[in-house]
Amino acid sequence: MEQFLQVFLSGLATGSIYALAAIGFTLVWQAAQTVNFAQGEFVMLPAFFVLIASNFGLPLPLAILAGLAASVLVLGYLFKRLIVEPMIRGKNRGGLSLIIATMALAIFLKESVKEFYGAEAQPYPELVSGGTLSLGGAVISVTDIFHLLLSLGVVVGLTLFLNRTRTGRAMQATAQNPDVAEILGVDTKRMILYAFLINAALAALASFLITPFYLAKFSNGEYLGMIAFIAAIVGGFNQIRGALAGGLLIGVLDNMTATYVTAEYRAALPLVLLIVIILFRPQGLLGTSEGRTV
Amino acid sequence: MKRRNFMAAAGLSVMSLTAFAVQSARAEDTVAIPCVCELSGAGAVSGTNLRDGAHLAADEINAAGGILGKKIVMTDYDTQTDPQTSRALVQKAIDAGAYAIVGTVYSGSTIVNMLVAKQAGVPQFTGAEAPNVTQQGNPYIFRTSSSAAKGVPALTAYFRDTVKAKKIAVAWVNNEFGKGGHDVFIKEMKAAGIEVVADVPSEQGQADFASDVSKIKESGAEAVFVYLNEEESARFLKEAKKQDVKVPLVGEVTLTGQKVIDLAGDAAEGAYAHVGLTTGADVASIRDFATKFKAKYNRDTDHNGIKGYIAVYAIKYVTELVGSFDQEAFVKKIHGLTLDVAKYPGMLLTTSWDDTGEMSRESFMTQVVAGKQKVVGTVPAN
């Protein structure tokens with residue numbers, strides 16, 4: 001029982017970080033009606049921004065702030081202005097072209113980090129280090145609890161922002177029907193920009209939390225991107241709460257499978273889950289069906 | 001018009017002949033010893049150190065006049081830690097005229113690409129440590145450090161007599177390197193009467209070790225044998241610290257390597273490992289090597305840097321003993337050969353190869369103390 005509790009909480013902590021990245025998928029989907037296949041690299045890159053800032057002699061808290069600011073600028077603002085907007089405005093607007101552009105961006109970011117920072121993993125400092133707590137006989141890591149509380153706190157805060165503030169509701173209106181929102185006086189361009197900036201900030205937070213244990217490496221985005229994408233689909237691509245549920249579910253199931261069933265096939269579990277969801281509940285566990293005219 | 005064409009053709013012919021003559025003269029003055037190694041992917045840490053150690057040796061040898069008067073030309077081929085890519089690159093290196101090959105480090109790659117070198121009759125110096133690399137009857141493969149079959153048994157006495165463990169856990173990476181060490185370890189523990197209570201495989205490149213460490217904690221093991229590659233070792237140590245694992249963590253080769261210490265930080269503190277080679281050894285030749293490496297690359301190396309270094313020197317010494325660049329004679333000469341460090345200082349330690357290419361020399365027990373690998377004992381050559 002102690003081991004179960006320990007593995008469960010550890011899975012929740014990891015899953016909450018997956019959820020941050022998965023929520024980014026849903027935000028970009030709602031803002032630009034596209035899937036950002038560079039989301040894994042968006043989680044990989046901020047850790048390197050922090051390392052670069054540290055190399056300039058900044059203490060960790062300032063380096064993290066610098067990393068966050070750089071992420072919001074590069075992965076939020078510049079991503080929208082230089083890639084998303086031209087693709088949406090172009091002849092073959094949005095859709096497949098934009099999806100392919102994000103795939104190309106993923107390769108570009110990965111190879112750029114490899115080129116400029118090397119292929120080797122780099123050490124990365126922990127935000128909270130060491131210590132354990134005893135809970136019902138199980139030894140629980142303080143780091144895990146911190147990760148879980150911080151991630152859940154951010155998700156709750158984001159949900160409150162979207163539901164309880166004027167700007168948040170304007171963002172939701174823009175996501176649901178940008179034309180009507182514009183008629184009602186919503187600055188839809190700004191709302192879409194906010195969605196991209198929030199996505200970048202969430203990806204940066206996920207990066208700061210997971211990199212101390214995954215180590216900073218150019219290839220980190222491959223796995224994280226896939227897991228976040230599956231989490232978003234499993235939970236429901238058009239719902240933030242769905243992405244949260246999907247992330248937590250995959251984190252816990254991965255740990256449980258590796259501990260009690262098989263460590264060898266743990267990597268296959270998210271894919272099996274994805275197939276099951278697509279077959280039996282394509283809108284995801286907490287998602288809603290969307291009708292679209294072609 | 002005709003005369004102009006004739007003059008142009010004559011001019012071109014002279015230029016081509018001159019270029020050919022210069023190229024031939026260059027080829028005659030040089031010997032190709034390529035480094036086929038893991039410069040990216042999961043093995044980048046090991047491969048980069050191997051390459052840099054090899055280049056350091058090549059530069060020294062070239063500065064001293066080369067091998068039998070020929071300068072070494074060392075071209076790097078990045079296998080991306082992919083066995084099939086490594087196979088293609090070994091072929092490419094051979095097509096480019098390789099006399100001998102340095103690399104690869106990963107056993108999974110070596111076991112595949114060494115067949116290509118064997119078919120071409122090219123001697124190959126590998127950093128791989130899986131026992132089966134030298135158990136295939138390949139006369140062209142030579143180790144630069146002992147295999148797990150020799151290294152892991154050195155730990156048995158430590159677990160039995162020093163730790164006095166009755167129950168032990170093993171965390172190992174599910175690749176050629178890990179499988180080789182795991183199989184030898186299980187056999188050794190059985191012979192020593194120590195029960196293996198948790199046998200936990202992980203995948204190469206695995207990022208999350210939470211469940212692995214949890215299983216080991218739950219097993220009641222009194223010590224853990226950690227047999228993982230560098231990055232995975234660091235992740236394992238970090239997770240073990242996070243879950244407050246108190247029992248000794250003991251590895252073979254990688255666990256106390258400088259790269260693992262750098263990556264794991266204080267989570268590596270106190271970890272033990274048996275290493276065939278270490279820059280922390282209190283041996284003058286190895287200290288000198290470590291100083292030269294740091295001066296050239298502005299960083300420390302792990303044991304793979306030493307492997308690359310001694311591989312190139314071994315090629316030089318054996319070629320000079322043969323007296324010509326004869327690959328068949330080279331292979332015959334090195335089997336059963338001992339290179340005494342007093343006479344052959346580039347070997348750093350007295351080294352012997354048996355008739356399978358397996359090697360033997362003095363080795364060390366190490367522990368991580370204050371962020372550095374510290375030698376805490378010496379294990380004689382077996």
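By convention in this document, chain letters (A, B, ...) are assigned in the order of the sequence lines, proteins followed by strands, and residues within each chain are numbered from 1. None of the values given here were measured: they were computed from a predicted structure.
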Using heavy-atom distances under 4.5 Å, tell me whether A/S219 contacts chain B through its side chain, its backbone, both, or neither.
neither
Could you name the residues of residues 206-214 of chain B that have a heavy atom within less than 4.5 Å of a heavy atom in chain A?
B/Q206, B/A207, B/D208, B/A210, B/S211, B/D212, B/S214
Contact class of A/Y124 relative to chain B, heavy atoms under 4.5 angstrom:
backbone
Distance from B/K241 atom NZ to A/S141 atom OG, nearest 0.5 Å?
9.5 Å
For chain B, which of A/S10, A/A119, A/P125, A/P123 has the most heavy-atom pairs under 4.5 Å?
A/P123
Which heavy-atom pair separates A/T132 from B/Q243 by the least distance, and what is that distance?
CG2-C, 4.4 Å
Quick check on A/F8: does its CZ atom have over 12 non-hydrogen neighbours (other residues, nucleotides or ligands) under 6.0 Å away?
no
Are there over 12 heavy-atom neighbours, none belonging to A/Y260, within less than 6.0 Å of that residue's OH?
yes
For residues A/A121 and B/E231, report the shortest heavy-atom separation together with the two atoms involved.
N-OE2, 3.3 Å
Report which part of B/A234 has an atom under 4.5 Å of a heavy atom belonging to chain A: side chain, backbone, both, or neither.
side chain
Does B/K167, at its NZ atom, have more than 12 non-hydrogen atoms belonging to other residues, nucleotides or ligands within less than 6.0 Å?
no
What one should report as the nearest heavy-atom pair of A/K114 and B/S40 is CE-CB, 3.6 Å
Could you measure the distance from the CZ atom of B/R235 to the CZ atom of A/F213? Nearest 0.5 Å is fine.
12.5 Å
Calculate, to the nearest 0.5 Å, the distance between atoms CG and CD belonging to B/D262 and A/Q122 respectively.
9.5 Å
Please report the closest heavy-atom contact between A/D144 and B/K242, naming both atoms and the distance.
OD1-NZ, 2.7 Å
Would you say B/E218 and A/Q6 make side-chain contact, with heavy atoms under 4.5 Å?
no
Is B/E203 close to chain A through its backbone or its side chain, or both, or neither, when contacts mean heavy atoms under 4.5 Å?
side chain
Part of A/T257 within contact of chain B (heavy atom distance under 4.5 Å)
neither
Does atom CG of A/N55 have more than 12 heavy-atom neighbours, drawn from other residues, nucleotides or ligands, at distances under 6.0 Å?
yes
Pairwise side-chain contact, A/E126 with B/K238, heavy-atom cut-off 4.5 Å (strictly under)
yes
